[in-house]
K.L.:
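One structure, as structure tokens, below. Some questions next.
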Amino acid sequence: MTEVATPVRTKESAMGDVSSPRLHCSVLGSLEVRLAGRRAVIGAPKQRLLLAILLCHANAVIPSDQLIDALWGETPPRTARKNLQVYMSALRKIVGDRISFQGWGYRISADREELDLLRFLELGRSGRAAVRSGDLATAAALLGDAVRLWREQPLEEFCHVPLVAAEVGRFTELYLSIYEDWVELEIELGRCVEALGSLDVVAARFPARERIAAARMTALSRCGRAAEALAHFEGLRRHLAAEMGIDPSPVIRQLYQAILRGDGPPPARLPGLAGVARPRPVRALANRLPRDVDDFVGREEEVRRVLDEPAAVTVITGGPGAGKTALAVHVAHMLAPRYPDGALVIALRRHGVPRPAADVEREILEGVGLEVAGVREDDVLASVWRSWLADRKVLLVLDDSPDESSVRMLLPGTTSSRVLVTSRSRLSGLESVARICLEDLSTSEGVEFLSRLIGRDRVAGDLPSVLRIFRRCGLSPLVLRLLGGRLAGLRHLPIGLLAERLERTENVLDEFVAGDVSLRGRFEESYADPSWPHRAAFLALGALDGPVFGHEELVTALDGTEGPGERVIESLLEAGVLSIPQIETDAIETDAQVAAHSLTYAMSPLAHRFAAELARSGNR
């Protein structure tokens, strides 16, 4: 077999340029690449794996660290990053500049004509749209084309790589739901014999799929093979009892009874079929978003990024009080009209305790009228969840996520829905997501926010005192809201007197209380979280003069608290405890060694005060 390679194209030779060799890649089976109709040989296993990962996440950036983990696991060689660059360079000789480096990861650009996966997704969307419009013949043709693109087990040679296996699982789930739609259409259009040709194979491969079992039973019955249809139900019942400990659903039991009585199967429950039986109505989610705040200030760039972001998942991170939920809800109200099937906020903690993803799925599915009480296995429930979301346009806000796993199980399997995630951590393990990290508001935004809370004249009348408070306490939205709440309730209190009190009091955290909201309470809730691993490091920060720290000072102080000092710094950056202050471009040292020694880190001034209190009290 001759290896085909193409030189790296210039920027002038764009992907759509007809003069460049046409690329066609396939991942719905074994990995295959063709250029100008000729098969390209990619023999090196790690290069094949890299290309498979990029194609599974086509048009999205995959972080270099994730690619290195996929190639070498937990013990990569010291030259891993250089080796990755060499592999990418070799791949570019085959696929050209479709592979690009985005500063923190790699991306392959492709369209639906160049990648069978994208073509499959487009055909599935178009077919389901035709079903909804009632054009069943067109829907069957489109969905059939999508089904025929699926050749075999996708990328089986890489099934041991989690980054690939997770995507293959997602694509397989979508394939099954599209196959079920298609085969039900074929049966309703009178093509039962033809449908049985594929049903015999697919039903044996996926014996727990009740829709596939029901379709095969229906087709067999309409072909005069009722005994085989009843036997298939018995096989399904035994399989579900042995493997999952559950009984078949009421719907398929009713189908069994109808065939047993000789009534024959009822018509399929497909949208667009006039006069057929309908399933029990499933209630819509509708718009369940909490109210938006009227005095939302700033974050214009972040709002614009969320609205324009093409990624289906956006992670919004920041420390306690950074305004993560407020931003997510604010933008969700703006996005909601794009998602007619519903919008809601899902709290991933209850009373500070993380909620299992299965509990969340069950609560929502039951809330819309689906019967999932008999589903006991979490992975089966997750499959029901993804199937329900597959052809809907829903906006989900996953609030206060404790870790990556709490999010992964809830993510839709298709890109028709949108997910906003808020978390104190960056959740760096989540792949193919956009990330927005919230810092403090700017001084001008802080002045505007406080003006809306207590009046412009009052703020303008003592602006120097306002700025003194900002310098001492920071500019997080929660701090400003609590400060504004205090001042609004104490209209007789000059801002200058409050600034002096905040500068001299030892218990400054106790000054930030408004009604049932307390800054100290927020900090204590975070610190008391049993799953939070940073207590020792947090106390070490409290023992230092802060809230700005030098690199060497931090390495020395944190070494041994949770591991080597530099690794601890990285974990605190990931958790949002520390941040790197913005440095003006012209102030950055050009000498790398000098820059490393001049590197500084910062934490919220009031968070540092809380850490200092804990350190002084010997709290553990």
K.L.:
For a salt bridge (charged side-chain N to carboxylate O under 4.0 Å, His left out) check, start with the C-alpha distance between Asp65 and Arg81, then their side-chain angles and the critical distance, and finish with the verdict.
P.N.:
CA-CA 9 Å; Asp65 290 343; Arg81 202 165 292 273; 2.7 Å; yes
K.L.:
If you define the side chain from C-beta out and look only at heavy atoms, does anything of Leu163 sit under 4.5 Å from Gln66?
P.N.:
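In short, these two side chains touch, coming nearer than 4.5 Å.
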K.L.:
Ring-plane angle category for Trp150 and Tyr175, please: parallel below 30°, perpendicular beyond 60°, tilted otherwise.
P.N.:
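Rings of Trp150 and Tyr175: parallel, under 30°.
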K.L.:
Would Arg48 and Phe158 satisfy side-chain contact (heavy atoms from CB on, under 4.5 Å), going step by step from the backbone distance to the final call?
P.N.:
CA-CA 9 Å; Arg48 289 179 61 81; Phe158 308 118; 3.8 Å; yes
K.L.:
Where do Ala110 and Leu118 come nearest, in terms of heavy atoms and distance?
P.N.:
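Heavy atoms of Ala110 and Leu118 come nearest at O-CD1, 3.6 Å.
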K.L.:
Output yes when Arg349 and Asp400 qualify as a salt bridge under the 4.0 Å nitrogen-oxygen rule, no when they do not.
P.N.:
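Looking at Arg349 and Asp400, the cut-off is met.
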K.L.:
Do Arg392 and Tyr339 come within less than 4.5 Å of each other through their side chains, counting heavy atoms only?
P.N.:
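No, their side chains stay 4.5 Å or more apart.
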K.L.:
Could you check if a side-chain atom of Glu566 sits within less than 4.5 angstrom of a side-chain atom of Leu558, using non-hydrogen atoms only?
P.N.:
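Counting from C-beta outward, Glu566 and Leu558 never come under 4.5 Å.
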K.L.:
Grab the two heavy atoms, one from Lys324 and one from Ile316, that are nearest each other, plus how far apart they are.
P.N.:
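For Lys324 versus Ile316, the nearest heavy atoms are CD-O, 3.9 Å.
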K.L.:
Which pair of non-hydrogen atoms, one from Asn59 and one from Ser109, has the smallest distance, and what is that distance?
P.N.:
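Reported closest heavy-atom pair: OD1-CA, 3.3 Å.
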K.L.:
Side chains of Ser428 and Glu574: do they bring a donor and an acceptor to under 3.5 Å?
P.N.:
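Ser428 vs Glu574: donor-acceptor pair found between side chains.
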K.L.:
Restricting to side-chain contact (heavy atoms from CB on, under 4.5 Å), what partner residues turn up for Pro45, sequence neighbours left out?
P.N.:
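Counting only residues at least two positions away or on another chain, Pro45 forms no side-chain contact (heavy atoms from CB on, under 4.5 Å).
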K.L.:
Looking at residues at least two apart in the chain, or sitting in another chain, which of them share a side-chain hydrogen bond (donor to acceptor under 3.5 Å, both in side chains) with Gln153?
P.N.:
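Gln153 satisfies side-chain hydrogen bond (donor to acceptor under 3.5 Å, both in side chains) with Arg205 once adjacent residues are dropped.
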K.L.:
When you compare the side chain of His24 with that of Glu114, does any pair of heavy atoms fall below 4.5 Å?
P.N.:
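No, side chains not in contact.
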K.L.:
Can you pull out every ring-ring contact (aromatic ring centres under 6.0 Å, His included) where at least one residue sits in residues 49-99? Sequence neighbours excluded, please.
P.N.:
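The answer is none; no pair qualifies.
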K.L.:
List the atom of Val479, the atom of Gly474, and the distance in Å for their closest heavy-atom pair.
P.N.:
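Closest approach of Val479 to Gly474, heavy atoms only: CG1-O, 4.2 Å.
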K.L.:
When His608 is tested against each of Phe523, Tyr601, Phe549 for ring-ring contact (aromatic ring centres under 6.0 Å, His included), which residue passes?
P.N.:
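Testing each of Phe523, Tyr601, Phe549 against His608, the sole residue satisfying ring-ring contact (aromatic ring centres under 6.0 Å, His included) is Phe549.
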K.L.:
Please give me the minimum heavy-atom distance between Leu441 and Gly446, naming the atom from each residue.
P.N.:
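Result for this residue pair: CB-N, 4.4 Å.
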K.L.:
Find out whether Pro402 and Leu348 are in side-chain contact, i.e. whether some heavy atom of one side chain is under 4.5 Å from a heavy atom of the other.
P.N.:
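Yes; the side chains approach each other to less than 4.5 Å.
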K.L.:
For Arg567, what residues pass the side-chain hydrogen bond (donor to acceptor under 3.5 Å, both in side chains) criterion, not counting sequence neighbours?
P.N.:
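Partners of Arg567 by the side-chain hydrogen bond (donor to acceptor under 3.5 Å, both in side chains) criterion come out as none, since no residue qualifies.
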K.L.:
Is it true that the side chains of Gln102 and Ser100 contain a donor and an acceptor less than 3.5 Å apart?
P.N.:
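Yes.
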K.L.:
Using the benzene-type ring in the case of Trp, are the ring centres of Tyr106 and Phe101 under 6.0 Å apart?
P.N.:
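Under 6.0 Å, so yes.
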K.L.:
Just wondering, do Ile99 and Leu54 contact through their side chains at under 4.5 Å, heavy atoms?
P.N.:
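Yes, close enough: below the 4.5 Å cut-off.
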K.L.:
Please determine whether side-chain contact (heavy atoms from CB on, under 4.5 Å) holds for the pair Val345 and Leu396, giving the CA-CA distance in whole Å, both sets of side-chain angles, and the decisive distance to 0.1 Å.
P.N.:
CA-CA 6 Å; Val345 175; Leu396 302 175; over 6 Å; no
K.L.:
If you compare all heavy atoms of Ser401 against all heavy atoms of Val421, which two are closest, and at what distance to 0.1 Å?
P.N.:
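Looks like CB-CG1, 3.9 Å.
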K.L.:
My understanding is that only one of Arg435, Glu302, Arg305, Arg418 makes a side chain to side chain donor-acceptor pair (under 3.5 Å) with Thr314; could you say which?
P.N.:
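When side chain to side chain donor-acceptor pair (under 3.5 Å) is applied between Thr314 and each of Arg435, Glu302, Arg305, Arg418, only Arg418 qualifies.
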K.L.:
State, yes or no, whether a side-chain contact exists between Arg119 and Leu149 at a heavy-atom distance under 4.5 Å.
P.N.:
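When only atoms from C-beta onward are counted, Leu149 and Arg119 do touch, with a gap below 4.5 Å.
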K.L.:
Yes or no on salt bridge (charged side-chain N to carboxylate O under 4.0 Å, His left out) for Asp111 and Arg22, after CA distance, side-chain angles and deciding distance?
P.N.:
CA-CA 11 Å; Asp111 61 33; Arg22 191 63 179 171; 3.6 Å; yes
K.L.:
Evaluate side-chain contact (heavy atoms from CB on, under 4.5 Å) for Glu562 paired with Ser571, printing each intermediate quantity in order.
P.N.:
CA-CA 9 Å; Glu562 301 166 19; Ser571 68; 3.6 Å; yes
K.L.:
Run the side-chain hydrogen bond (donor to acceptor under 3.5 Å, both in side chains) test against Ser476 and tell me which residues pass, sequence neighbours left out.
P.N.:
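By the side-chain hydrogen bond (donor to acceptor under 3.5 Å, both in side chains) rule, Ser476 matches no residue at all.
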K.L.:
Looking at Asp97 and Arg92, does any basic side-chain N land under 4.0 Å from a carboxylate oxygen?
P.N.:
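Looking at Asp97 and Arg92, the cut-off is not met.
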K.L.:
Between Asp145 and Arg148, does a salt bridge (charged side-chain N to carboxylate O under 4.0 Å, His left out) hold up when you go through it step by step?
P.N.:
CA-CA 5 Å; Asp145 287 343; Arg148 284 183 284 274; 3.0 Å; yes
K.L.:
So, does Ser425 use its side chain to make a donor-acceptor pair with the main chain of Ala575 at under 3.5 Å?
P.N.:
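It does not hold such a pair.
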K.L.:
Is there side-chain contact between Leu430 and Val315, with heavy atoms separated by less than 4.5 Å?
P.N.:
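In contact.
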K.L.:
Is there a donor in the side chain of Ser26 and an acceptor in the side chain of Arg151, or the other way round, less than 3.5 Å apart?
P.N.:
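On atom types as modelled, these side chains qualify, holding a pair under 3.5 Å.
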K.L.:
Write out all pairs satisfying ring-ring contact (aromatic ring centres under 6.0 Å, His included) with one or both partners inside residues 317-337, taking only residues at least two apart or from two chains.
P.N.:
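For residues 317-337, and leaving out neighbouring residues, the ring-ring contact (aromatic ring centres under 6.0 Å, His included) pairs sorted by first residue read Phe296-His330.
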